[in-house]
Amino acid sequence: MSYLGEEIGKLGFGLMRLPHIDEKTIDIEQTKLMVDEFLAAGFTYFDTAWAYPGSEEAIKKALVERYPREKFQLATKNAAWINCKTKEDALEQYRTSLRQSGAGYFDFYLLHNLGDGRTKVFEEFDLWNYFSGEKEKGNIKHLGFSFHSTPEQLEEILTKHPEAEFVQLQINYGDWENPAIQSRACYEVARKHNKPVIIMEPVKGGNLATPPDSVAKILKDADPNVSCASWAIRFAADLEGVITVLSGMSNIEQMRDNLSFMKGFKHLTPEQKKVIEAARIELSKIPVIPCTTCNYCAKVCPMDIGISGSFTSMNMYTLYKNYDSAKHQLNWNVVGQGHKKAEECIKCGACEAACPQHIKIRDELVRVAETFKD
């Protein structure tokens, strides 16, 4: 399918979770096999980032050095908010990506994870103008950004930067109506601005590949011959205006499963849409902390506890029972954003007085601290 003048299949190869030989060593030979099968199936879009350790170097060996440059699209990202004190620091990320990938140019270049305090870094360093200049030189073919925040912030960015050609959003059926993620609302903002969408996290970091038993039963009863992950990816691919759906495949088996239902992708039938909606509703019935991430609590917390981030991670663990994934999200949502952990709460109660949802925040923070204490 053609988007932005590119012929791109509905499945994109996300390179954040490549197979590993050990904790620090990417399995290049298995990655080569995955690249080969992906391209042979007619898909061409590869997504990496400066911030994914070893990913750009791995795709240089597995893809760039083995195939003609015009046979694939390569996307990478600039995370200027990570340890960049000057514009030059941010530009060095870009130059490093060019060196590490050996790509010569990037088909899609993204300002990485805009939203909250991260957005202003790209403004202060004038990176929109710089990378627009790189596009004019031919070093970048398409310029856009990835985003993990509120629809209100997305509206502000797209209004201010009409030069953004596309936006990459976290969209999956589990988060479609989730007040902490607001997938549907963000998607609708992007479409209102006529921006095509690249979808990330369609399987929610693998969690929708093994959803709660009651959810899995709905999907398996509907079609016992396909994986739960296939329902999640097809939900995302079925949306209007989608360039491609990124799947962070970690082994050749996952690759083959994805190819089995995405090659020759057909839109969902009305009956299939009803199945996914039933699964979403069943997932929403599981009791979680009713936090809407309004962050009124954060405005009054004297300790700057990462309250909403803590609750998002706790809810992930409650729903999917994936401790490592939930702990990773906790580190990202709390420590990674400069907030203090739940165990540092002094129980003053100011947060509870400000909470529109009347959550017993102090009790829930104790539960978070106990759950993630190791």
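By the neighbour-count criterion of 12 heavy atoms within 6.0 Å, atom NZ of K32 is densely surrounded, having more than that number from other residues, nucleotides or ligands. Counted within 6.0 Å of CG on D213, heavy atoms from surrounding residues, nucleotides or ligands total 12 or fewer; the atom is thus considered open. Annotation for Y296: atom OH does not count as buried by contact number, only 12 or fewer foreign heavy atoms lying within 6.0 Å.
Of the possible polar contacts, none joining the D363 side chain to the K360 backbone as a donor-acceptor pair under 3.5 Å is found. Under the 3.5 Å distance criterion, the side-chain polar atoms of E344 are left unmatched by any main-chain donor or acceptor of I305. The backbone N or O of T312 lies less than 3.5 Å from no partner atom in the side chain of N315, so there is not a single donor-acceptor pair. Under the 3.5 Å distance criterion, the side-chain polar atoms of R234 are matched with a main-chain donor or acceptor of S230. Judged by distance alone, with hydrogens and angles left aside, the side-chain atoms of E352 form a donor-acceptor pair with the main-chain N or O of I361 at under 3.5 Å. The closest donor-acceptor contact from the side chain of R280 to the backbone of I276 lies at 3.5 Å or more, if one exists at all.
Side-chain contact of T119 with Q153: a donor-acceptor pair under 3.5 Å is absent, judged by distance alone.
For F46 and F38, the ring centers are positioned less than 6.0 Å apart.
Among F72, F108, F43, the one residue that satisfies the side chain to side chain contact (heavy atoms under 4.5 Å, CB included) test with I8 is F108. Here the rule is ring-ring contact (aromatic ring centres under 6.0 Å, His included) with F131, and of F125, Y109, F122, F145 only Y109 fits it.
Between Y317 and F372, the angle of the ring planes goes over 60°, which puts this pair in the perpendicular group of the 30/60° scheme.
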